[in-house]
Amino acid sequence: MNPIPPRPVDQVIAAARGFLGERITLNDAIRQQHSRGEDTTRPTLPDAVAFVETTEEVSRLLALCHAHRVPVTPFGAGTSLEGHVNPVRAGISLDLSRMTAILEVSAEDMDCLVEPGVTRQQLNAHLRDQGLFFPVDPGSHCTLGGMCATRASGTNAVRYGTMRENVLGLEVVLADGRVITTGGRTRKAAHGYDLTRLFVGSEGTLGVVTKIRLRLAGIPEAMVSAICAFETLEGAVNSVIATMQAGIPVARIELLDEAQMEACIAYSKLDHLRAVPTLFLEFHGSAAAVAEQAEAVQAIAAEHGGSGFEWAREAEARNRLWQARHDAYWAGIAWRPGKRGITTDVCVPISRLAEALLGAKADIAASGFEAPIVGHVGDGNFHTIILVDEGDAAQMERAWELDRRIVARALALGGTCSGEHGVGLGKREFLEPEHGAEALAVMRALKATLDPHGIMNPGKLLPDAPA
Ligand SMILES: Cc1cc2nc3c(=O)[nH]c(=O)nc-3n(C[C@H](O)[C@H](O)[C@H](O)COP(=O)(O)OP(=O)(O)OC[C@H]3O[C@@H](n4cnc5c(N)ncnc54)[C@H](O)[C@@H]3O)c2cc1C
């Protein structure tokens, strides 16, 4: 009898042991931890998890996987919400969370170079004494590599931009193990195809980010936060639209509906607040500029039924407020114990925000689901956290139906299925309606060029991604 030949993945694991040792593991608990992110997809176990520490290790491992046609799913902190890290075709889960060096900080040029496993919280703790900060702030403990890969944003994006604007350059290991650098340190460059922006948002489907050069911002002279309660959701949304259309450079302007406020009040012990539609705001600049912006927004809010501002000026009070906002997702889940969340992430042009958001609210009411709404509304972006029993297949189907309805309306209003969370598994069906067949064909051609064997995070982003 002929012996059964080893599987390609076993050959990769055996060869990778030579340079990773015990850092490539078949341990069940670790494979479970890498079987999905913070989403409701059915978990899939990778064959092995590799904890890489250097670019060279990533390169050697990818070259092996390329040669043996073994799938690789990059993994940062696993906080993504659309099934991104679920290794649907098994293979290797490539964990970058141990690449945590902050390699350079230039206060003069206001930039830095970091490895992908650094979190924004770690980077900001490192920068604090230099009067600088990194402004992109998702409400999770995620890695900067994951943030690059999902083109993440957060509450500051309305003023400081998203990862698209704040990544200056990258080091990327391609599917076959070649290492390239993209972008540069200058504020401007007209030097050919913009590969940085191709990889930012590519969700681990084109290569692995191993170094990131980031733009930094100066800590403003004055920062003041405020909350403003509204009797109606419409009033709150219309205040946001008027604020943005007036060109007031707010640093943050976030909306929480009454359900989300009820959840946050309970979770973050904000007992002095009311469970009504509420805006969380922040103003940055010189003391005079902050006062001027705050006055202008107050006047707009008053016209739309905003009932006075409650201010937070000291760092501690401001941090408490924004921690509560960042914890909104966990508050939503904790509000109804045992449930998980399907999170929509539509984004629309600011003039269409009221239609999109109030339409979503009506859809939620008609569906019978509880789904708190929270949003980076200054960007036209908001989330509904549809609370589900993930073991109930019929309920899950109805929840996805609600998700589709909310996305379809946003697309009809000139918006997008994802403002910041990305496509992963969950939003693939919307790519063709959003971009059209020809643009999708270009994306497929790029994928085939950079990853001819389809090993990089297979099954994600493109509707019919090759295995
Ligand atoms: C409570 C909560 C709040 C959130 N709030 C926000 C928010 O405000 N804004 C926002 O944008 N998102 C938000 N998210 C979503 C999530 O945190 C982001 O998508 C984040 O960028 C994911 O980073 P991660 O390190 O967890 O990546 P992972 O989930 O590990 O990976 C995400 C994707 O990136 C790929 N990837 C990871 N590292 C690399 C790398 N080095 N090279 C190539 N590909 C890589 C993975 O393959 C995967 O496709 C939130 C999530 C939670 C749970």
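As the structure lists them, so they are numbered: ligands from 1, and atoms in each ligand from 1. In this chain, residues are counted from 1 in sequence order. Quick caveat: nothing in here was measured; it's all calculated off a predicted structure.
- In this structure, atom 35 (C) of ligand 1 lies nearest to the protein heavy atom A149 CB, 3.5 Å.
- Between T73 and ligand 1, no N or O atom pair is found at a separation short of 3.5 Å.
- D137 has its side chain within reach of R120: a pair of non-hydrogen atoms, C-beta onward, lies under 4.5 Å apart.
- Looking at G76 next to ligand 1, an N or O pair under 3.5 Å apart turns up.
- The main-chain N or O of P372 is never found under 3.5 Å from a side-chain atom of D257 such that the two would form a donor-acceptor pair.
- Ligand 1 has a nitrogen or oxygen under 3.5 angstrom from a nitrogen or oxygen of T150.
- Legend: side chain to side chain donor-acceptor pair (under 3.5 Å) pairs involving residues 15-25, not counting sequence neighbours, sorted by first then second residue: R23-E57.
- Between G207 and ligand 1, a contact under 3.5 Å exists for no N or O pair.
- At a heavy-atom distance under 4.0 Å, no atom of K460 approaches ligand 1.
- Checking only distances, A77 does come within under 3.5 Å of ligand 1, N or O to N or O.
- In terms of N/O distances under 3.5 Å, ligand 1 is not approached by F75.
- When only interatomic distances are considered, the shortest N/O to N/O separation between Y329 and ligand 1 does not fall below 3.5 Å.
- With a heavy-atom cut-off of 4.0 Å, V209 touches ligand 1 through backbone and side chain alike.
- Distances between N or O atoms of E203 and those of ligand 1 include at least one value under 3.5 Å.
- Contacts of T210 with ligand 1, taken as heavy-atom pairs under 4.0 Å, are absent altogether.
- Residue contacts with ligand 1 for T79 involve both N, CA, C or O and side-chain atoms from C-beta outward (heavy atoms, distance under 4.0 Å).
- The distance from ligand 1 to the heavy atoms of V208 drops below 4.0 Å at these ligand atoms: 42 (N), 43 (C).
- Heavy atoms from both the backbone and the side chain of H84 come within less than 4.0 Å of ligand 1.
- Residue S80 has at least one N or O atom closer than 3.5 Å to an N or O atom of ligand 1.
- Between H376 and H383, the angle of the ring planes goes over 60°, which puts this pair in the perpendicular group of the 30/60° scheme.
- Applying the ring-ring contact (aromatic ring centres under 6.0 Å, His included) test to residues at least two apart or on different chains, the pairs with a partner in residues 74-100 are H34-F75.
- Distances between N or O atoms of G139 and those of ligand 1 include at least one value under 3.5 Å.
- Here N457 has side-chain heavy atoms under 4.0 Å from ligand 1, and that is the only part of it that gets that close.
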